[in-house]
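Here's the structure, in structure tokens; my notes come after.
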Amino acid sequence: MSHSPELHKHEHVHDDEGAHRHPHHHSHDESKAHQHVHTLKFERYTYLVSPVHAIDPRFKIVAALLIVVGVVAGQPLRPLEFIFLVFVLAAITLLARIPLRWTFSRSLAVLPVALGIALFAPLGHADGLSASAISEAYSEYSWLIWSIVSKAWVSAYVMLLVSSTTPMPKLLKALKALKMPDVFVTMLTFLYRFTDVFVGQLRSMRHAVGSRAPELGGWRLIRLYGNLAGNLFIRAYERGERIYAAMVSRGYTGVLPTAEELTARPTDWLVVITAALMVAVVMLY
Amino acid sequence: MKNAGTIEIEGLAHAYPDGTRALNGVDLTVQEGERVALLGPNGAGKSTLLLHLNGVIMPAQGEVRIGGTVIEAGTVRSVREQVGLVFQDPDDQLFMATVYDDVAFGPLNMGLPSAEVDARTHAALHDVGLAEVTSKSGQHLSFGQKKRVALATILAMQPKILVLDEPTSNLDPRSKREMTDLLDSLEVTMLVATHDMDLAWRLCERAVVVDEGQIAADGTREDILTDAGLLDLHGLELPHLTVHNAAHDNLAGTIDG
């Protein structure tokens, strides 16, 4: 039997979400020639075709980090700077053919945390805990609240752009290539690979609860979920032992082996330089 | 390595952390090229026995030899290249981001050059008939596909001995047939722990029954898999195939004779 393994990356168009490019192989069975991934919800746009998707993920990550560090380390964002950043981010989103509303609503996930920190920030500048000292600190340092929230949102949005324009396996390879320690890369890989498994197990357990105790509510239900969480934890722990046995059975010695290499193009460097320049502009203006 | 594809187990004993004896003195020899079915009720100790065969569990008592080499700390790495162990739950063996990475994992850890790794990965995936899912991730596959990819991850290492724990469990009838045909096409020493009596009959010429941590019976498939009394004693049953074949033969006899 002669094998002619081929890795294709075809563009094909879906009615709802635009042209996709999926890497896939051809088997001998022609009817299966163009099967591709039907992704989980959070990765739906990672296989689109766009200039942003085409950027080498290592460069995307570095460019994003430059922007985040630059924005966070610099002065509080003045209105013009903020509008400029929003404009640039929206432009990149549109260039990546991702719906603006989708990315915007997901970026809001950072707000509860950012607000939680921001609202208490001026407290650190108060001269004591009297009512007058506190109100003085809040009136003098109210700009701090805006500063923290705006920078947090911009950072979250930039990272969201990277994660929604890069298929997860490629993102993980890029992190490894950027010298992220193996431990973290392995943890993220397993997170990606096994979240689905645990969600499935949780779903089964909830069905079981629904079948056997449909009227349960309130505190007793919450305590039951505590049991479920404990159960899931034990299952995860034991699965971890079995996965380790499987890894070791295939020769694992503690270092993740690397397969394909990522190759950069000249335009990728341009992306990083552009990001750096943009950050410099914002910081120095 | 002389007689590379042989397994020799002598006086193997193992106890669980809570003290229960999982294995109580097991002696077993498998020759190169033999296909042996490991049968027995749940809790008999089959899985524990299999985990000793590539050093995942080290013997508390007794010895395991692969191709004449005793499994110990120094030899365990090379043993794992000789003995491919396929676990029951494919989700325990597909842990990388894509199928390609999973199947390439073994060859890469063996230190092979990347062209060779690529060739073996593609060959293994073609052999199990799943080349089209190469770039998918484990959670995107059906259960039957996962089982076959899990087998591919081991085939890519080209082991001399294949040890399988319930290769057809939870598969639908067609997938069972495909898996059985797939295993039948391989030319390696095979030890298959299974409840699937039809798989045992079709695939293996020899059957070993394990019960309560010991070997209760060891013989050809004709001796073991047609002995209804023996099978019943150890929580097993006759393969449908032999019953079917026997009935068919009787019928043929009456028609002809």
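Computed from a prediction, not measured in an experiment: that's the story for all the values here. Every chain is numbered from 1 and lettered A, B, ... according to where its sequence line falls, protein lines coming before strand lines.
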- Against chain B, label A/Tyr244 side chain, backbone, both or neither, depending on which of its atoms sit under 4.5 Å from a heavy atom there. neither

- Decide side chain to side chain contact (heavy atoms under 4.5 Å, CB included) for A/Phe194 and B/Gln139; before the verdict, give the C-alpha distance in whole Å, the side-chain angles of both, and the deciding distance to 0.1 Å. CA-CA 7 Å; A/Phe194 289 102; B/Gln139 67 270 28; over 6 Å; no

- Message: Counting only non-hydrogen atoms closer than 4.5 Å, does B/Met157 touch chain A with its backbone (N, CA, C, O), its side chain (CB onward), both, or neither?
- Response: side chain

- In terms of heavy-atom contacts, does CZ of A/Phe184 have more than 12 from other residues, nucleotides or ligands at under 6.0 Å? no

- Task: Answer with side chain, backbone, both or neither: which region of A/Val248 has an atom nearer than 4.5 Å to a non-hydrogen atom of chain B?
- Result: both

- Please check if atom CZ in A/Phe233 has more than 12 non-hydrogen atoms from other residues, nucleotides or ligands closer than 6.0 Å. no

- Determine, step by step, whether A/Arg250 and B/Asp102 satisfy the side chain to side chain contact (heavy atoms under 4.5 Å, CB included) criterion, reporting the C-alpha distance in whole Å, the side-chain angles of both residues, the deciding distance to 0.1 Å, and the verdict. CA-CA 10 Å; A/Arg250 275 143 66 188; B/Asp102 268 312; 3.7 Å; yes

- Message: Can you confirm whether B/Tyr16 is buried at OH, in the sense that more than 12 heavy atoms of other residues, nucleotides or ligands lie under 6.0 Å from that atom?
- Response: yes

- If you count heavy-atom pairs under 4.5 Å with chain A, which of B/Val76, B/Asp91, B/Asp89, B/Ile57 comes out on top? B/Asp91

- Highest number of heavy-atom pairs under 4.5 Å with chain A: which of B/Pro159, B/Ala156, B/Gly106, B/Gly138? B/Gly138

- Query: Under the 3.5 angstrom rule, does the side chain of B/Arg80 hit a backbone N or O of A/Tyr252 as a donor-acceptor pair?
  - Reply: no

- Item | A/Pro169 and B/Tyr100, any side-chain heavy atoms less than 4.5 Å apart | no

- Note on the structure: Among B/Leu51, B/Asp92, B/Thr153, the residue with the most heavy-atom pairs under 4.5 Å to chain A is B/Asp92

- Pick from B/Met110, B/Glu81, B/Gln93: which one has the most heavy-atom pairs with chain A under 4.5 Å? B/Gln93

- Task: Specify the closest pair of heavy atoms between A/Tyr192 and B/Ala97, including all atoms of both residues, with the distance to one decimal.
- Result: CE2-O, 3.9 Å

- Item | Backbone of A/Thr253 reached by a side-chain donor or acceptor of B/Arg77 within 3.5 Å | no

- Note on the structure: Taken to the nearest 0.5 Å, the spacing of B/Met96 CE from A/Thr186 OG1 works out to 7.5 Å

- Message: How about NZ on B/Lys160, more than 12 heavy atoms from neighbouring residues, nucleotides or ligands closer than 6.0 Å, or not?
- Response: no

- Does atom CZ of A/Arg206 have more than 12 heavy-atom neighbours from other groups under 6.0 Å away? no

- Under 4.5 Å heavy-atom distance to chain A, tell me which part of B/Asn54 shows up: side chain, backbone, both or neither. side chain

- Considering only heavy atoms and a distance below 4.5 Å, find which of A/Ala245, A/Gly200, A/Pro167 pairs most often with chain B. A/Ala245

- Item | Side chain A/Arg193, main chain B/Leu94, donor-acceptor under 3.5 Å | yes

- Note on the structure: Okay, B/Phe95 and chain A: the region with an atom under 4.5 Å from a heavy atom over there is both

- Task: Indicate yes or no: at least one non-hydrogen side-chain atom of B/Asp101 is less than 4.5 angstrom from one of A/Lys173.
- Result: yes

